[in-house]
Amino acid sequence: MKLPLAFTILAIAALPAGAWAQSNSDEGDVSINGTVAPLCILGDPAPALVDLGQMAETSGLRVGRVRTIANQVVTLPNSFCNFAGSVVTIEASAMLTDDPTAPQSGFARAVNYTATANGWASLPSTTTTSALGDGSNPDSSGSGSTQPLPNIADIEVELSGFSVPGDALMVADNYSGLVTVTLGPAPLVN
C-alpha cells in the first residue's frame, strides 16, 4: 500500500509548474475615478493701480476742465477657465471726489470713462459710467459674448473716454474709481 501512495506523490510533484499556477490564478479590476471642478482664474492686474495724475487743465482755453487723458491699459495675464461657457463681466464706478458734498452749479465732482475688457471672447465686455456732476449714479456694468470652449488668454482692460458731466469745472480734491473684472460661468438664459 505504501508503494502506490509514494507513486501518487511523485506524480503530483512531477506536474509542470505552469499547470499548477494556472489552476490557482485569478484576476480582478480596480476602478479609478476622479473629478476636476470648474475653475476660472484671473491673472494679477498689471499695473494694479492706474494713476492719472493731474486731471484738470492748468492753462489755456480749458483751464479747470478735464484734460485729454490717454487711454490706459491694464493686462490680466494668463487668465483661464477650464470649462466651456464662460464670460467676462466688467463693473465700473465713476471717479468721484473724496468729499461727497454736492458742488455748486458749474462744477462737478465726477469723472466718467469707458472700461472695455478684450481678449476673452469674440465680443468684448464694455461699460461706460454716467455719473452726474454731484456724483450720483456712478456705477455701470456690462458683459461680452460667451467663450464656447475652455480658454486661456491675456485679458486687456482698456480705460478710455475720460469726461466730466456737462464739461463742468472740476472740484479740487482726490478722485478715485474702481473697475471690477469677473471671469466665470455665463448666466443661464431662460
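The figures here come from the full heavy-atom set of this structure, side chains too, leaving out hydrogens, waters and symmetry mates.
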Enquirer: Does a side-chain heavy-atom distance below 4.5 Å link V181 with L42?
Expert: yes

Enquirer: Where do D154 and N78 land on the side-chain contact (heavy atoms from CB on, under 4.5 Å) test, with the steps shown first?
Expert: CA-CA 5 Å; D154 293 344; N78 299 315; 4.0 Å; yes

Enquirer: Which atom pair, heavy atoms only, marks the closest approach of V73 to E158?
Expert: CG2-CG, 4.2 Å

Enquirer: Do L169 and R65 have side chains that approach each other closer than 4.5 Å (heavy atoms only, starting at C-beta)?
Expert: yes

Enquirer: Is there side-chain contact between P103 and T97, with at least one heavy-atom pair below 4.5 Å?
Expert: no

Enquirer: Measure across A186 and V87 and return the closest heavy-atom pair with its distance rounded to 0.1 Å.
Expert: CA-CG1, 3.6 Å

Enquirer: Does D44 CG have over 12 foreign heavy atoms under 6.0 Å away?
Expert: no

Enquirer: For the pair T114 and T126, evaluate side-chain contact (heavy atoms from CB on, under 4.5 Å) and give the outcome as yes or no after the intermediate values.
Expert: CA-CA 7 Å; T114 298; T126 189; 3.6 Å; yes

Enquirer: Evaluate the side-chain proximity of D99 to R109: yes if any heavy-atom separation is below 4.5 Å, no if none is.
Expert: no

Enquirer: Is there a path of hydrophobic side-chain contacts, each under 4.5 Å between heavy atoms of I/L/V/M/F/W/Y residues, joining I152 to L76?
Expert: no

Enquirer: If I compare all heavy atoms of S79 with all of G43, which pair ends up nearest, and what's the gap?
Expert: OG-N, 3.0 Å

Enquirer: Looking only at heavy atoms, what is the nearest atom pair of L183 and C81, with distance?
Expert: CG-SG, 3.5 Å

Enquirer: What are the two closest non-hydrogen atoms of V111 and M170, and how far apart are they?
Expert: CG2-CE, 3.6 Å

Enquirer: Report yes if the side chains of F80 and P150 come closer than 4.5 Å at any heavy-atom pair, otherwise no.
Expert: no

Enquirer: What are the two closest heavy atoms between S125 and G144, and how far apart are they?
Expert: OG-N, 2.8 Å

Enquirer: Donor-acceptor check, side chain of N112 to backbone of A131, threshold 3.5 angstrom: yes or no?
Expert: yes

Enquirer: Kindly indicate whether the side chain of P138, heavy atoms from C-beta on, has any atom under 4.5 Å from the side chain of L96.
Expert: yes

Enquirer: Can you check whether D139 reaches T129 side chain to side chain, under 4.5 Å on heavy atoms?
Expert: no

Enquirer: Any side-chain heavy-atom pair from L178 and E91 closer than 4.5 angstrom?
Expert: no

Enquirer: Flag yes if V164 and I69 sit in one hydrophobic cluster, no otherwise; membership is Ile, Leu, Val, Met, Phe, Trp, Tyr, and two members link when side-chain heavy atoms are under 4.5 Å apart.
Expert: yes

Enquirer: Nearest 0.5 Å, please: how far is CG in N174 from CE in M95?
Expert: 9.5 Å

Enquirer: Tell me yes or no: between the side chains of S86 and W120, is some donor less than 3.5 Å from an acceptor?
Expert: yes

Enquirer: How many angstroms lie between OG in S59 and CZ in R67, if you round to the nearest 0.5 Å?
Expert: 12.0 Å

Enquirer: Take Y113 and T128 through the test side-chain contact (heavy atoms from CB on, under 4.5 Å) and record every step on the way to the result.
Expert: CA-CA 6 Å; Y113 58 92; T128 301; over 6 Å; no

Enquirer: Applying the side-chain contact (heavy atoms from CB on, under 4.5 Å) criterion to I90, which one of T182, T116, V179 satisfies it?
Expert: V179

Enquirer: Assess the residue pair L52 and F162 against the criterion (side-chain contact (heavy atoms from CB on, under 4.5 Å)); give the C-alpha distance rounded to whole Å, side-chain angles, the decisive distance to 0.1 Å, and a yes or no.
Expert: CA-CA 10 Å; L52 299 178; F162 296 92; 3.6 Å; yes

